[in-house]
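In the text below, chain A, chain B and the rest are named by the order of the sequence lines, each starting its count at 1.
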Amino acid sequence: DAGVIQSPRHEVTEMGQEVTLRCKPISGHDYLFWYRQTMMRGLELLIYFNNNVPIDDSGMPEDRFSAKMPNASFSTLKIQPSEPRDSAVYFCASRRTGDNEQYFGPGTRLTVT
Amino acid sequence: AQSVTQLDSQVPVFEEAPVELRCNYSSSVSVYLFWYVQYPNQGLQLLLKYLSGSTLVKGINGFEAEFNKSQTSFHLRKPSVHISDTAEYFCAVSVVPLTGNQFYFGTGTSLTVIP
């Protein structure tokens with residue numbers, strides 16, 4: 001069974017550009033999480049969905065960040081406009097109700113110059 | 001509220017030496033406990049987990065951890081480390097029963113194995 005899939009693995013963009021990160025959760029998982037990892041702040045939860053519905057977005061840093069989950073097999077995290085301080089590794093994770101483990105994707109390393 | 005404290009941000013250790021990575025948590029309710037490992041440029045991978053039963057939990061790659069409820073600790077140990085164990089290790093806690101995202105990570109411990 002394929003794990004959580006994220007694309008792209010690496011993204012380099014210029015300040016002010018729009019960035020879209022993509023995630024495909026494990027089939028059958030009904031929870032999806034977006035995390036950001038930086039040296040300064042460690043692993044931070046940005047937002048999570050249950051059955052495609054955003055449940056808690058209190059970790060989203062500001063209005064420049066938005067996330068969607070149009071269906072059970074796809075989610076996006078968008079940053080518009082991007083800033084250098086958004087440079088980080090962004091992880092997607094998924095989980096199934098009744099399970100007690102989160103499964104992480106390989107991450108997207110974002111560099112904003 | 002729940003929180004996780006990893007007491008050491010960096011742990012250097014010589015190859016074939018034993019290692020212990022410390023994790024303490026705080027919670028007013030029952031918890032599940034986890035250790036994840038992150039190898040360079042990769043995502044997080046589950047090492048082991050404590051749900052219930054025996055307080056000594058064995059995981060992959062020769063790692064084990066012991067749940068100590070009185071000390072609210074879940075320290076990770078390995079009797080003899082290899083170069084390939086160099087990675088970032090995260091302790092995490094989730095509440096029982098697990099609903100929503102009651103899943104909290106520590107700040108991580110960077111383990112460096114020295115040849």
A.B. asks: Can you say whether A:R9 sits under 4.5 Å from chain B via the side chain, the backbone, both, or neither, judging by heavy atoms?
C.D. replies: side chain
A.B. asks: Which bit of B:Q38 is near chain A, if near means a heavy-atom gap under 4.5 Å: side chain, backbone, both or neither?
C.D. replies: side chain
A.B. asks: Verify, without hydrogens or angle tests, whether A:N51 (side chain) and A:V53 (backbone) share a donor-acceptor contact under 3.5 angstrom.
C.D. replies: no
A.B. asks: Counting only non-hydrogen atoms closer than 4.5 Å, does A:E44 touch chain B with its backbone (N, CA, C, O), its side chain (CB onward), both, or neither?
C.D. replies: neither
A.B. asks: For A:L43, is it the side chain, the backbone, both, or neither that has a heavy atom closer than 4.5 Å to a heavy atom of chain B?
C.D. replies: side chain
A.B. asks: Would you please indicate if the ring centroids of B:Y50 and B:F34 are separated by under 6.0 Å?
C.D. replies: no
A.B. asks: Using a strict 4.0 Å threshold on nitrogen-to-oxygen distance, state whether A:E11 and A:R22 make a salt bridge.
C.D. replies: no
A.B. asks: Verify side chain to side chain donor-acceptor pair (under 3.5 Å) between A:Y35 and A:Q102, making sure each step is shown before the conclusion.
C.D. replies: CA-CA 12 Å; A:Y35 289 88; A:Q102 289 189 9; 2.9 Å; yes
